[in-house]
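This chain uses plain numbering: 1 for the first residue, then up along the sequence.
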Amino acid sequence: MQVRREGKDVLFRLDPGEELVGELVHWARKSAIPSAVMTGLGAVRDVHLGYFDLDARKYVKIPVPRHVEIVSLDGSIGVLDDEYHAHVHVTVSSSGGNCVAGHLFQAMVSITAEIHMTVLQEPLRLVRQPETGILLWDLA
(Lines give C-alpha, C1' and ligand atoms only; values in the text may rest on other atoms or scores of the structure.)
Protein backbone atom coordinates (compact mmCIF):
# COMPACT_ATOMS: atom_id res chain seq x y z
CA MET A 1 0.00 0.00 0.00
CA GLN A 2 1.23 3.46 -0.87
CA VAL A 3 0.05 6.44 1.19
CA ARG A 4 0.38 10.17 0.61
CA ARG A 5 -0.92 12.65 3.18
CA GLU A 6 -1.57 16.29 2.35
CA GLY A 7 -3.03 18.03 5.37
CA LYS A 8 -6.38 16.44 6.18
CA ASP A 9 -6.45 14.51 2.87
CA VAL A 10 -4.89 11.07 2.56
CA LEU A 11 -4.52 9.18 -0.71
CA PHE A 12 -4.08 5.40 -0.75
CA ARG A 13 -3.11 3.02 -3.50
CA LEU A 14 -3.72 -0.55 -2.42
CA ASP A 15 -2.04 -3.34 -4.33
CA PRO A 16 -3.09 -6.83 -5.44
CA GLY A 17 -3.66 -9.23 -2.55
CA GLU A 18 -4.37 -6.55 0.06
CA GLU A 19 -7.73 -6.67 1.85
CA LEU A 20 -9.26 -3.23 1.35
CA VAL A 21 -11.28 -2.66 4.55
CA GLY A 22 -8.76 -4.23 6.90
CA GLU A 23 -5.83 -2.27 5.47
CA LEU A 24 -7.65 1.06 5.86
CA VAL A 25 -8.71 0.33 9.44
CA HIS A 26 -5.19 -0.85 10.28
CA TRP A 27 -3.72 2.37 8.88
CA ALA A 28 -6.22 4.52 10.80
CA ARG A 29 -5.43 2.74 14.08
CA LYS A 30 -1.65 2.82 13.51
CA SER A 31 -1.78 6.51 12.53
CA ALA A 32 -4.06 7.37 15.48
CA ILE A 33 -6.34 9.52 13.35
CA PRO A 34 -9.49 10.74 15.13
CA SER A 35 -11.76 9.41 12.33
CA ALA A 36 -12.33 9.88 8.60
CA VAL A 37 -14.70 9.80 5.65
CA MET A 38 -13.71 8.19 2.34
CA THR A 39 -14.47 7.63 -1.32
CA GLY A 40 -12.78 5.39 -3.83
CA LEU A 41 -12.65 3.12 -6.86
CA GLY A 42 -10.67 0.15 -8.07
CA ALA A 43 -10.77 -3.49 -9.05
CA VAL A 44 -11.32 -6.25 -6.49
CA ARG A 45 -12.23 -9.92 -6.12
CA ASP A 46 -13.72 -12.18 -3.47
CA VAL A 47 -16.04 -9.41 -2.30
CA HIS A 48 -18.37 -9.88 0.64
CA LEU A 49 -21.27 -7.42 0.58
CA GLY A 50 -24.37 -7.35 2.70
CA TYR A 51 -27.56 -5.63 3.60
CA PHE A 52 -29.23 -5.16 6.96
CA ASP A 53 -32.39 -7.24 7.36
CA LEU A 54 -34.45 -5.13 9.74
CA ASP A 55 -36.85 -7.96 10.64
CA ALA A 56 -34.04 -10.39 11.47
CA ARG A 57 -31.92 -7.57 12.94
CA LYS A 58 -28.75 -8.81 11.28
CA TYR A 59 -26.71 -8.41 8.14
CA VAL A 60 -27.34 -10.85 5.31
CA LYS A 61 -24.12 -11.47 3.40
CA ILE A 62 -23.89 -11.45 -0.39
CA PRO A 63 -20.75 -13.16 -1.72
CA VAL A 64 -19.39 -11.86 -5.02
CA PRO A 65 -16.71 -14.47 -5.85
CA ARG A 66 -15.45 -12.93 -9.10
CA HIS A 67 -13.37 -10.00 -10.32
CA VAL A 68 -15.35 -6.76 -10.28
CA GLU A 69 -14.82 -3.03 -10.69
CA ILE A 70 -15.63 -0.66 -7.83
CA VAL A 71 -17.99 1.83 -9.44
CA SER A 72 -18.54 3.75 -6.23
CA LEU A 73 -17.22 3.51 -2.67
CA ASP A 74 -18.29 5.75 0.20
CA GLY A 75 -17.75 5.30 3.90
CA SER A 76 -16.37 6.37 7.21
CA ILE A 77 -14.11 5.23 10.00
CA GLY A 78 -15.39 5.90 13.48
CA VAL A 79 -14.55 4.87 17.03
CA LEU A 80 -16.45 2.89 19.67
CA ASP A 81 -14.72 2.16 22.98
CA ASP A 82 -11.34 3.08 21.45
CA GLU A 83 -11.84 0.49 18.68
CA TYR A 84 -11.84 1.62 15.05
CA HIS A 85 -14.79 0.55 12.86
CA ALA A 86 -15.24 1.05 9.12
CA HIS A 87 -18.68 1.57 7.62
CA VAL A 88 -18.30 1.30 3.87
CA HIS A 89 -20.83 0.89 1.06
CA VAL A 90 -19.91 0.01 -2.52
CA THR A 91 -21.38 -0.57 -5.92
CA VAL A 92 -19.41 -3.07 -8.00
CA SER A 93 -19.86 -4.10 -11.62
CA SER A 94 -18.90 -7.23 -13.50
CA SER A 95 -18.78 -8.09 -17.19
CA GLY A 96 -21.73 -6.72 -19.07
CA GLY A 97 -22.05 -3.85 -16.60
CA ASN A 98 -24.21 -5.77 -14.13
CA CYS A 99 -24.01 -4.12 -10.72
CA VAL A 100 -24.51 -5.23 -7.15
CA ALA A 101 -24.23 -2.97 -4.13
CA GLY A 102 -24.31 -2.98 -0.37
CA HIS A 103 -22.38 -2.79 2.87
CA LEU A 104 -18.77 -3.84 2.25
CA PHE A 105 -17.42 -6.42 4.67
CA GLN A 106 -14.28 -7.32 2.72
CA ALA A 107 -12.70 -7.21 -0.72
CA MET A 108 -9.35 -8.42 -1.97
CA VAL A 109 -7.62 -6.00 -4.31
CA SER A 110 -7.09 -7.63 -7.72
CA ILE A 111 -5.52 -4.74 -9.65
CA THR A 112 -5.65 -1.64 -7.48
CA ALA A 113 -7.86 0.37 -5.15
CA GLU A 114 -7.50 4.13 -5.02
CA ILE A 115 -9.01 5.64 -1.91
CA HIS A 116 -9.33 9.29 -0.90
CA MET A 117 -9.76 9.68 2.84
CA THR A 118 -10.48 12.97 4.59
CA VAL A 119 -9.31 12.93 8.21
CA LEU A 120 -11.75 14.62 10.59
CA GLN A 121 -10.47 16.90 13.35
CA GLU A 122 -12.61 15.35 16.07
CA PRO A 123 -13.33 11.67 16.68
CA LEU A 124 -16.45 10.37 15.00
CA ARG A 125 -17.87 8.56 18.00
CA LEU A 126 -20.14 5.62 17.34
CA VAL A 127 -23.06 4.36 19.39
CA ARG A 128 -24.84 1.04 19.13
CA GLN A 129 -28.53 1.55 18.38
CA PRO A 130 -30.48 -0.55 20.91
CA GLU A 131 -33.30 -1.51 18.52
CA THR A 132 -31.06 -2.96 15.79
CA GLY A 133 -27.58 -3.31 17.25
CA ILE A 134 -26.01 -1.40 14.35
CA LEU A 135 -23.39 1.29 14.91
CA LEU A 136 -24.48 4.87 14.23
CA TRP A 137 -22.71 8.21 14.37
CA ASP A 138 -23.10 9.93 17.74
CA LEU A 139 -23.11 13.61 16.75
CA ALA A 140 -24.33 14.97 20.09
Side-chain angles (χ1 to χ4, degrees):
M1 175 169 65
Q2 292 183 358
V3 180
R4 183 169 83 197
R5 190 165 184 176
E6 297 182 5
K8 66 179 182 169
D9 294 307
V10 186
L11 302 174
F12 298 87
R13 191 197 80 199
L14 285 85
D15 297 315
E18 293 182 301
E19 197 286 307
L20 193 149
V21 177
E23 289 289 335
L24 295 175
V25 170
H26 175 75
W27 180 87
R29 185 182 308 111
K30 181 180 77 171
S31 301
I33 66 162
S35 54
V37 293
M38 68 183 93
T39 62
L41 50 81
V44 293
R45 62 178 169 79
D46 300 325
V47 177
H48 294 264
L49 300 178
Y51 69 93
F52 192 77
D53 183 325
L54 191 55
D55 293 329
R57 298 187 194 282
K58 67 177 185 175
Y59 279 96
V60 175
K61 292 197 176 178
I62 304 165
V64 183
R66 58 191 177 277
H67 293 273
V68 292
E69 294 279 333
I70 298 173
V71 176
S72 175
L73 179 147
D74 290 290
S76 62
I77 295 179
V79 180
L80 175 66
D81 298 330
D82 297 322
E83 188 65 33
Y84 286 79
H85 295 272
H87 187 188
V88 181
H89 285 205
V90 295
T91 301
V92 296
S93 71
S94 58
S95 63
N98 297 317
C99 291
V100 63
H103 179 94
L104 179 62
F105 290 101
Q106 74 176 52
M108 295 300 291
V109 176
S110 60
I111 299 174
T112 190
E114 297 174 342
I115 307 298
H116 172 217
M117 189 179 287
T118 302
V119 176
L120 302 175
Q121 293 179 352
E122 297 293 325
L124 183 55
R125 298 281 175 208
L126 302 173
V127 61
R128 192 169 302 280
Q129 184 187 43
E131 296 82 17
T132 63
I134 64 172
L135 298 177
L136 302 175
W137 292 351
D138 183 2
L139 301 177

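- Shortest non-hydrogen contact noted between Ser76 and Leu124 is CB-CD2, 4.1 Å.
- The side chain to side chain donor-acceptor pair (under 3.5 Å) contacts involving residues 88-97 comprise His87-His89, where partners must be two or more places apart or lie in separate chains.
- Expressed to the nearest 0.5 Å, how far CG of Leu136 lies from CG of Leu80 amounts to 11.0 Å.
- Partner of Asp74 under the side-chain contact (heavy atoms from CB on, under 4.5 Å) criterion, chosen from Val90, Thr39, Leu104: Thr39.
- Judged as a side chain to side chain contact (heavy atoms under 4.5 Å, CB included), and not counting sequence neighbours, the contacts of Val3 are Met1, Val10, Phe12, Trp27.
- Applying the side chain to side chain contact (heavy atoms under 4.5 Å, CB included) rule to Phe105 yields the partners His48, Tyr59, Lys61, His103; only residues at least two apart in sequence or on another chain are considered.
- Atom CD1 of Ile134 sits about 5.5 Å away from atom CZ of Phe52, to the nearest 0.5 Å.
- Once rounded to the nearest 0.5 Å, the distance linking CE of Met117 with CD1 of Ile77 reads 4.0 Å.
- Closest heavy-atom contact between Val47 and Leu49: CG1-CD2, 3.6 Å.
- For residues 14-23, the set of pairs meeting the side chain to side chain donor-acceptor pair (under 3.5 Å) definition, not counting sequence neighbours, comprises Arg13-Asp15.
- Here the straight-line distance linking atom CD1 of Ile111 with atom NE2 of His67 works out to 8.0 Å at 0.5 Å rounding.
- Residues forming a side chain to side chain contact (heavy atoms under 4.5 Å, CB included) with Arg29 (at least two apart in sequence, or on another chain): Val25, His26, Glu83, Tyr84.
- Across all non-hydrogen atoms, the minimal contact from Ala36 to Ile33 is CB-CD1, 3.8 Å.
- At a threshold of 4.5 Å between side-chain heavy atoms, the hydrophobic network of Ile, Leu, Val, Met, Phe, Trp and Tyr places Leu126 and Val21 in two separate groups.
- Pairing each heavy atom of Pro123 with each of Ser35, the nearest pair is C-OG, 3.5 Å.
- The hydrophobic cluster containing Leu11 does not contain Leu24, counting ILVMFWY residues as joined when their side-chain heavy atoms lie under 4.5 angstrom apart, directly or transitively.
- Side-chain contact between Leu20 and Ile70 is present, with at least one heavy-atom pair separated by less than 4.5 Å.
- Under the 4.5 Å side-chain heavy-atom criterion for ILVMFWY residues, a single connected hydrophobic cluster contains both Leu120 and Leu139.
- At a threshold of 4.5 Å between side-chain heavy atoms, the hydrophobic network of Ile, Leu, Val, Met, Phe, Trp and Tyr places Val60 and Val88 in one connected group.
- Among residue pairs with one or both ends in residues 120-140, none qualify as ring-ring contact (aromatic ring centres under 6.0 Å, His included); sequence neighbours excluded.
- Pairs engaging residues 109-119 under the side chain to side chain donor-acceptor pair (under 3.5 Å) rule: Asp9-His116, Asp9-Thr118 [sequence neighbours left out].
- Note that CD1 of Ile115 and CG of Leu73 are 5.0 Å apart. Values are rounded to the nearest 0.5 Å.
- The cluster map of Ile, Leu, Val, Met, Phe, Trp and Tyr, joined by side-chain heavy atoms under 4.5 Å apart, puts Val109 and Val100 in the same cluster.
- Atom CD in Glu69 sits 8.5 Å away from atom CG in Leu41 (nearest 0.5 Å).
- Checked against side chain to side chain contact (heavy atoms under 4.5 Å, CB included), Glu131 has the following partners two or more places apart in sequence or in another chain: Arg57, Gln129.
- Taking Glu122 as the reference, nothing meets the salt bridge (charged side-chain N to carboxylate O under 4.0 Å, His left out) condition, with sequence neighbours excluded.
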